[in-house]
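I have placed the structure first, in the form of structure tokens, so that the comments after it can refer back to it.
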Amino acid sequence: MHEPHEAMLYDQVLLKVEHLKRYFNTPKGTVKAVDDVSFNVIKGETLALVGESGSGKTTTANVILGRYTATDGSVFYKDVEIGSMPLTKRPLWLRREIQVVFQDPATSLNPKKTVKDIIETAIRIHYPKLNKYERMERLLELLDYIGLTEDHLFKLPRELGGGEKQLVALARALATNPTHLILDEPTSSLDVSAQSRILSTLLKIQKDRGLTYILITHDLAVVKNISHRINVMYLGKIVETAPVDDIFGEPLHPYTQMLLSSIPTISEEESKMLPKGVESRGEIPSAIDPPSGCRFRTRCPFVMDVCSKEEPPLKEVVTRHFVACHLHNKNV
Ligand code: SF4
């Protein structure tokens with residue numbers, strides 16, 4: 001596991017999500033993309049949100065970012081309720097503190113702007129009192145810190161490699177001096193060597209600056225390398241949450257077991273460590289009309305009668321290891 005560091009104390013909650021719902025009305029019905037989700041993010045940790053597409057992880061992040069407002073429930077950042085606050089209404093300090101790095105730097109960076117323009121614009125917006133020399137000094141410091149050089153200053157995004165583009169996106173996010181980064185599939189568009197460069201840079205930044213990350217990904221190998229805790233999401237719900245070693249060492253929810261058993265492995269030792277017996281089957285059902293009771297029941301090899309009748313609550317079954325499954329619910 002990525003070891004906890006000094007800035008990380010479990011009683012220091014930076015972000016609190018409480019009974020969050022985000023529904024979308026469509027011609028076919030109401031899509032319950034996030035449906036009563038609660039969790040905390042600890043200052044200085046990396047919390048991964050994992051699950052297939054349609055699990056609600058990206059929608060959850062978009063509410064935290066202010067790109068959507070909550071249909072119901074709350075999101076508190078440092079005791080300020082931000083779930084009902086769209087991005088355009090957020091004060092500058094809040095936009096400075098919560099930044100995002102998107103999956104594909106090729107589309108998140110303006111193709112007509114140079115590296116200098118891209119990063120300097122962020123510095124200018126958030127630190128308007130700096131003069132152009134101070135801005136340049138800050139910009140060069142940032143480039144050096146993330147491993148780029150002055151030679152990159154006047155390049156356009158298309159003149160950079162995939163990893164370099166993502167480093168520029170990272171530098172732009174860091175330019176505001178954030179406390180919290182949302183990393184939305186930050187390595188999934190990159191080749192293996194660029195991936196490892198971005199991951200080691202993210203680890204260095206967190207160690208040096210005590211930043212808090214929410215990592216959204218379907219890539220469990222990435223999660224294992226840089227996360228402290230994992231929320232596994234399925235069809236708008238959290239089905240399991242635990243420290244990363246517990247999820248990989250003893251996954252309790254059949255859906256988590258299914259996700260882990262489908263990770264590609266490179267060695268026999270690695271494949272021996274994966275849970276057996278829960279193979280990927282079926283596809284995620286529609287969030288317009290989710291299955292009654294446990295939403296995973298249509299794909300679960302262990303389904304029981306109770307699973308269609310009662311929704312399993314998210315319960316702590318081992319210290320800091322919560323699971324929503326009747327197999328682990330002693331009251332059933
Ligand atoms: Fe499977 Fe039932 Fe557990 Fe859902 S509650 S994961 S259907 S055993």
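Note that this is a predicted model, so its numbers are computed, not measured.
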Taking the six-membered ring of Tyr23, is the NZ or CZ of Lys32 close enough (under 6.0 Å from the centre) and on axis enough (within 45°)?
yes
Nearest heavy atoms of Ala171 and Ile119, plus distance in Å
CB-CD1, 3.7 Å
So, Arg90 side chain and Ile82 main chain: donor-acceptor pair closer than 3.5 Å or not?
yes
Does Asp35 offer a backbone N or O that forms a donor-acceptor pair with the side chain of His19 under 3.5 Å?
no
For residues Ile214 and Val13: do they belong to one hydrophobic cluster (side chain heavy atoms under 4.5 Å, members Ile, Leu, Val, Met, Phe, Trp, Tyr)?
no
For a quick check under 3.5 Å, do His218 and Glu185 share a side-chain donor-acceptor pair by atom type?
yes
Taking atom types as modelled, is there a side-chain donor on Glu159 or His152 under 3.5 Å from an acceptor on the other?
no
For Phe302, is the NZ or CZ atom of Arg297 found under 6.0 angstrom from the centre of its six-membered ring and inside 45 degrees of the ring axis?
no
Heavy-atom distance under 4.5 Å between the side chains of Val222 and Leu215, does that happen here?
yes
Please report the interatomic distance CG(Leu327) to SG(Cys300), rounded to the nearest 0.5 Å.
6.5 Å
Would you indicate whether Asp305, at its atom CG, is surrounded by more than 12 heavy atoms from other residues, nucleotides or ligands within a distance under 6.0 Å?
no
Do Tyr77 and Val41 land in one hydrophobic cluster if side-chain heavy atoms of ILVMFWY residues count as linked below 4.5 Å?
yes
Stepwise side chain to side chain contact (heavy atoms under 4.5 Å, CB included) test for Thr60 and Phe39
CA-CA 11 Å; Thr60 302; Phe39 62 93; 3.8 Å; yes
Ion pair check, Glu134 and Lys129, cut-off under 4.0 Å:
no
Mark yes or no: Arg295 above the aromatic ring of Tyr255, with NZ or CZ under 6.0 Å from the six-membered ring centre and no more than 45 degrees from the axis.
no
Keeping Arg135 on the side-chain end and Ile123 on the backbone end, is there a donor-acceptor pair under 3.5 Å?
no
To check you understand the geometry: which heavy-atom pair defines the closest contact between Asp104 and Ser189, and what is its length?
CA-OG, 4.1 Å
Do Gln99 and His180 meet the criterion of a side-chain donor-acceptor pair at a distance under 3.5 Å?
no
From Phe102 CZ over to Ser188 OG, what is the distance, rounded to the nearest 0.5 angstrom?
13.0 Å
So does Asn131 have more than 12 non-hydrogen atoms from other groups sitting under 6.0 Å from CG?
yes
In sequence, state the C-alpha distance, the side-chain angles, and the governing distance for Leu170 and Leu181, and then conclude on side chain to side chain contact (heavy atoms under 4.5 Å, CB included).
CA-CA 10 Å; Leu170 206 45; Leu181 277 190; 4.1 Å; yes
Main chain of Thr187, side chain of Gln166: is a donor-acceptor contact present, judged purely on distance under 3.5 Å?
no
Please determine whether a side-chain nitrogen of the Lys or Arg among Glu164 and Lys155 lies less than 4.0 Å from a carboxylate oxygen of the Asp or Glu.
no
Does Glu137, at its CD atom, have more than 12 non-hydrogen atoms belonging to other residues, nucleotides or ligands within less than 6.0 Å?
no
Count the heavy atoms belonging to other residues, nucleotides or ligands that lie under 6.0 Å from CD of Glu250, then report whether that count exceeds 12.
no
Contact between Val232 and Ile230 at the side-chain level, heavy atoms closer than 4.5 Å - yes or no?
yes
Output yes when a side-chain donor or acceptor of His328 lies under 3.5 Å from a complementary backbone atom of Cys325, and no otherwise.
no
Around atom NZ of Lys204, are there more than 12 heavy atoms from other residues, nucleotides or ligands closer than 6.0 Å?
yes
Determine whether a donor-acceptor pair (N or O, by modelled atom type, separation under 3.5 Å) exists between the side chain of Glu52 and the backbone of Tyr234.
no
Which one of Asn40, Asn231, Asp246, Thr256 satisfies the side-chain hydrogen bond (donor to acceptor under 3.5 Å, both in side chains) criterion with Thr241?
Asn231
Nearest non-hydrogen partners of Ala70 and Leu20, listed with the distance
CB-CD1, 3.4 Å
When clusters are formed by joining ILVMFWY residues with side-chain heavy atoms under 4.5 Å apart, either directly or through shared neighbours, do Tyr213 and Leu174 land in the same one?
yes
Determine whether Val323 and Leu49 fall in the same hydrophobic cluster, where Ile, Leu, Val, Met, Phe, Trp and Tyr are linked whenever their side-chain heavy atoms lie under 4.5 Å apart.
no
Can the positive tip of Lys116 be found less than 6.0 Å from the middle of the six-membered ring of Phe154, inside 45° of the ring normal?
no
What I want to find out is whether Lys16 reaches Glu81 closely enough, with some N-O distance under 4.0 Å, to be called a salt bridge.
no
Is there a donor-acceptor pair closer than 3.5 Å between any side-chain N or O of His228 and the backbone N or O of Thr46?
yes
Is the NZ atom of Lys89 crowded by more than 12 outside heavy atoms at less than 6.0 Å?
no
What are the two closest non-hydrogen atoms of Val244 and Val223, and how far apart are they?
CG2-O, 4.2 Å
